[in-house]
Amino acid sequence: MTTQVINASPRFWFSSTLVCFSLSLPGRSAAEPTPPEKTHDAPTQTLIVSAPRSGLAELNTPAALSVLTGEDFRQAKPQVNLSESMGSVPGLQIQNRQNYAQDLQLSVRGFGARSMYGVRGVRIYVDGIPATMPDGQGQTSNIDLSSVDKVEVLRGPFSALYGNAYGGVVNVDTVTGSQPDKIEAVLYTGSYGSWRYGVKATGADGSQAGDVNYAVSTTRFTTHGYRDHSDARKNLGNAKLGVRINDVSTLTLLINAVDITANDPGGLTEDQWHDNPRQATRAEQFNTRKTLTQTQAGLRYQRQMSDNDDLSVMMYAGERDTTQYQAMPVATQANPLQAGGVIDLTRHYQGIDTRWTHRGALGDVPLTLTGGLDYETMTEQRKGYENYTLNNGVTELGTQGNLRRNEHNLMWSLDPYLQSAWSLTSRLTLNAGVRFSHVQFDSDDRYITADNGDDSGNARYHRWLPVGSLSYAVTDDWNAYLSAGRGFETPTINELSYRPDNQPGLNYALKPSTSNTIEVGSKARIGSGLATVALFQTDTENEIVVADISNGRTSYTNAGKTRRRGLELSLGQQFAEDIQLRLAWTLLNATYRTRACGSSDCSDGDAIAAGNRLPGIARNMGYASLAWSPPEGWYAGLEVRYMSDIDVDDENSQQAPAYTVAALDTGYRYVLGNWLMNLYGRVDNLFDRRYAGSVIVNEINGRYFEPAAGRNCGGGVSLAYTFQ
C-alpha cells in the first residue's frame, strides 16, 4: 500500500484582503431565459467567461479571452473538428492528428502539448458540464459543432479558478431554442471518402412563465481516412430543453451521446514519413483500433433570489466506455508484469457545482461576491488483456487474449471557491480570488498473482490557487490590465498507470506540477473591431513530462523547472459590413530552466539540458483570414496558417519542419420564402504542402510524426425551413 500526501500553504502576491473576482464558472448561455433585469451599482468590468457574443465583453474582460461564434464553425466548414475554426485564437495550438482514435492535439500556451491522446492541461466545458475529468484528462469528441452557439477560450492565470489544469479553459455553449421554430438538414462530402450528414431542430413556445425552448441535433460522420488504417465512424446526438418555471427561475435539461469506432494508424519515423506519409504498416499488423461510447445528462437550475442575489446549481452524470488495441509485440508481453496490449475502461462520472452571487457595496465601493462549492467524482474499472490469442499453435495478433490487469480506481475532487470584483473608481477595478483544490485518487488492485503483487494505493493533492488583477479603463474603448496567479495540475489516472522503470504498479512517484504566472495586457476597440495584446511569463516546477513511449504505452516523470514566455497579438476588423479580416500571432519561448531527468534517471547520463525547448510546442504561430460574407448570394473566404518548427523530444534531436498552408472556400446562399439553402465548397492545403500535422512527443522508437493530409477538398449543402 502506498500513500502520497502533497500540501502547499497559500501565498498571496497582493496585499489586499483575500477576496475573489467574479469569474462566472460555465453556466447560463446568453440566449437562455433569464430573470428580469436588475438595477444595482455593480462593477462594470467584471471578468465573466460566459460572455455575450460581443466585442464589448472581450474588451472589458481583464484577461486573455477570445470568443468565437457558432457561424465561425459552420460557414463553409466540414463541422467535424474544432481545428477547422480555431486558428484565429492566439496562444492556442490545435492540430488534427488525422487519427480519430486519439482525438485532437490541443494546447494553450504550451500546456497540453505532451498529450498522446485526448486533451491535457486545459479545462473543457460543454454547456456547463465538464468534458475534463477530475484528474484533468479531457476530450473534445462529444462537442457537436452544428449546435455550437459560441466558444470562449480563456488563457492565463485566471484559468486556475477552474481547478485542476492550469493551461487554459475552453467553454462551449450550444444554441438555445427560440421562436420561430426551425428545422435544418445538412450534408457534407469530401476527400478520402468522408461523409457527414445530420438534422437539427430548434424552437420555443410561449412568452411568459412556463416557457419551453428546445434544441435537438443528431449527426453521423464516416471517413476512409487520409492514411492507411485510419477509417472512422462517429455518431453524435445533442439535446437541450429549457423551461421557465416562473418569473425568477429556470430549469435546463442537457443530454449528449457519442459513439465512435476508429482505427489507429500510429506514428511514423522521419524516413517512413518522407517515403510514404500514408503508410501504417505496424498498425495494420496489430489491427490497432479504438471504440468509444459516452452518454451524459445534466440539469441546471437558476433562480433570482432577490434583486441582488442569484443561485445556480449544476448537476450532471455520465458513463464512458473505451476499448483500445495497441501495437505491443508478443515478446514484450511475455513479461508476467506486463499489463497486456488491450485496454478496457469503463468510467462513471458525476458532479455538482453550487454557486451564490451577491451584488452590493462595501461602503462606497460597488462589489460583486460569488461563493461556491464544486464536487466531481469518477470511478473507473480498468482492465488489461493480451492483444493476441493462440489457435492451434498459430499466434493471431490484434485479438483479445488473457486478462493481465484488473483495477478499480476512484478519483474525486472537492473545491470551494470565493470570488469578487471591486470597482475602486469609475475606471479602476480590482479582481481577486482563491480556490482551494483537493484531489484524491484511490486504486484497488484486483489482479494479484504470484508474479504480480498487490499494487493498491492512494494519493492526495492539495493546493491553494490565488489569483488577482488590476484593470484600468484608459478610455471607453481602451483597457489595460495586470494579473498574476498560481495554478496546479495533478497526474491523470492514465499518467499514473505506468512506471518509467517498467515495474508493475502505479507511478506514485509522479508529483503534481505547480505554476506561477504574471501577465500584462491591453485591448482596444478600433473601428468595428478589436485589437488585443498579452505579454506573459509562467514558471513551473515539477512539470509532468513524457518519460518514454514504447509499444503504444506512455510513462511520465517530473521535470525540473520550466519557463514559458510569450506574446499574443490579435486583430479582428469589419469592413463595409460584409468583409471581415482576422489576424493573430503567437510568440512562445518554452524551455527547461534546470537540468531534468528524462526517460529513467540521470545516472546513465540521460538528462534534459537546461535551455532545451519543451517538445511539441511551436515557437511561432500565425493566422490570417479574409472573408466576404453577405447574408444572401455569393460569399468566399481565404485562410492562411503558419506554424514554426516543433521539437519532437526532450533532447531536441529532431524537429517537425515549419509550414504554411492555405485554404479557400466559396458558397451561395439562396432565400425563398421560409426556405434557406446554402451550397458551398472548400479546398484545404491549397498548395499541397507535405508537413507533419502533429507529433508524438518522446516516442522511444522514433515514430514521432503524424502526417497531415495533402490537398483535399469537399463540399456541402444545408437546407433550412423556418415555421412562421
Side-chain angles (χ1 to χ4, degrees), residues 1-2 101-102 115-118 133 135 137 264 266 282-283 285-292 320-347 378-390 395-411 441-459 491-510 544 546-557 599-600 696 698-701:
M1 181 75 70
T2 304
Q102 303 295 354
S115 179
M116 300 302 103
Y117 50 87
M133 296 296 101
D135 61 348
Q137 182 72 44
D264 185 351
R282 185 177 176 84
Q285 179 185 4
F286 288 90
N287 192 18
T288 52
R289 61 198 187 273
K290 182 177 181 179
T291 60
L292 180 151
R320 185 178 178 93
D321 296 311
T322 305
T323 302
Q324 183 175 4
Y325 286 74
Q326 300 174 314
M328 182 169 292
V330 174
T332 302
Q333 296 177 79
N335 185 338
L337 302 180
Q338 271 288 342
V342 179
I343 300 173
D344 185 358
L345 296 177
T346 298
R347 289 176 165 177
M378 179 181 71
T379 58
E380 172 190 270
Q381 184 66 46
R382 177 182 289 265
K383 295 182 178 180
Y385 297 88
E386 296 170 347
N387 70 340
Y388 67 93
T389 56
L390 295 174
T395 301
E396 296 184 6
L397 301 177
T399 58
Q400 182 174 301
N402 297 321
L403 180 70
R404 301 289 292 271
R405 184 175 193 168
N406 187 3
E407 293 171 1
H408 183 270
N409 299 318
L410 169 66
M411 173 74 75
F441 170 72
D442 296 283
S443 180
D444 179 15
D445 184 4
R446 300 178 178 179
Y447 183 77
I448 302 174
T449 67
D451 299 312
N452 190 323
D454 186 354
D455 296 316
S456 301
N458 60 73
T492 67
I493 291 178
N494 289 325
E495 290 169 346
L496 289 169
S497 294
Y498 307 107
R499 292 168 49 174
D501 57 9
N502 292 319
Q503 294 300 306
L506 298 170
N507 188 10
Y508 290 113
L510 195 60
I544 301 171
V546 174
D548 59 47
I549 302 174
S550 180
N551 302 313
R553 177 155 297 165
T554 308
S555 60
Y556 296 84
T557 188
S599 58
S600 54
I696 303 174
N698 284 354
E699 214 284 338
I700 198 169
N701 298 297

**Item:** Any residue meeting salt bridge (charged side-chain N to carboxylate O under 4.0 Å, His left out) with Asp321, in chain and number order, not counting sequence neighbours
**Value:** none

**Counterpart residues, salt bridge (charged side-chain N to carboxylate O under 4.0 Å, His left out), relative to Arg382 (two or more places apart)** = Glu380

With sequence neighbours left out, write down each residue that passes side-chain contact (heavy atoms from CB on, under 4.5 Å) with [X], or none if nothing qualifies.
X      : value
Gln285 : Leu397
Thr322 : Lys290, Leu292, Arg320, Leu345
Thr379 : His348, His408, Leu410
Arg404 : Gln333, Gln338, Glu386, Tyr447

First locate atom [atom1] of [X], then atom [atom2] of [Y], and finally report the distance between them rounded to the nearest 0.5 Å.
X      : Y      : atom1 : atom2 : answer
Thr323 : Tyr385 : OG1   : OH    : 9.0 Å
Thr332 : Gln326 : OG1   : CD    : 11.5 Å
Ile544 : Thr557 : CD1   : OG1   : 9.5 Å
Asp264 : Asn287 : CG    : CG    : 10.5 Å
Ile343 : Met328 : CD1   : CE    : 8.0 Å

**Item:** Side-chain heavy-atom pair Leu403, Lys383 within 4.5 angstrom cut-off
**Value:** yes

Is there a donor-acceptor pair under 3.5 Å between the side chain of [X] and the backbone N or O of [Y]?
X      : Y      : result
Arg282 : Gly266 : no
Gln324 : Asp344 : no
Thr346 : Gln381 : no

**Request:** Show your working on side-chain hydrogen bond (donor to acceptor under 3.5 Å, both in side chains) between Asn507 and Glu495 and close with a plain yes or no.
**Result:** CA-CA 8 Å; Asn507 188 10; Glu495 290 169 346; over 6 Å; no

**Asked** Given the rule in the side-chain contact (heavy atoms from CB on, under 4.5 Å) test, do Tyr325 and Gln400 qualify, once you have shown the distances and angles that lead to the verdict?
**Response** CA-CA 8 Å; Tyr325 286 74; Gln400 182 174 301; 3.6 Å; yes

**Item:** Working for side-chain hydrogen bond (donor to acceptor under 3.5 Å, both in side chains), residues Ser443 and Asn409
**Value:** CA-CA 4 Å; Ser443 180; Asn409 299 318; 2.7 Å; yes

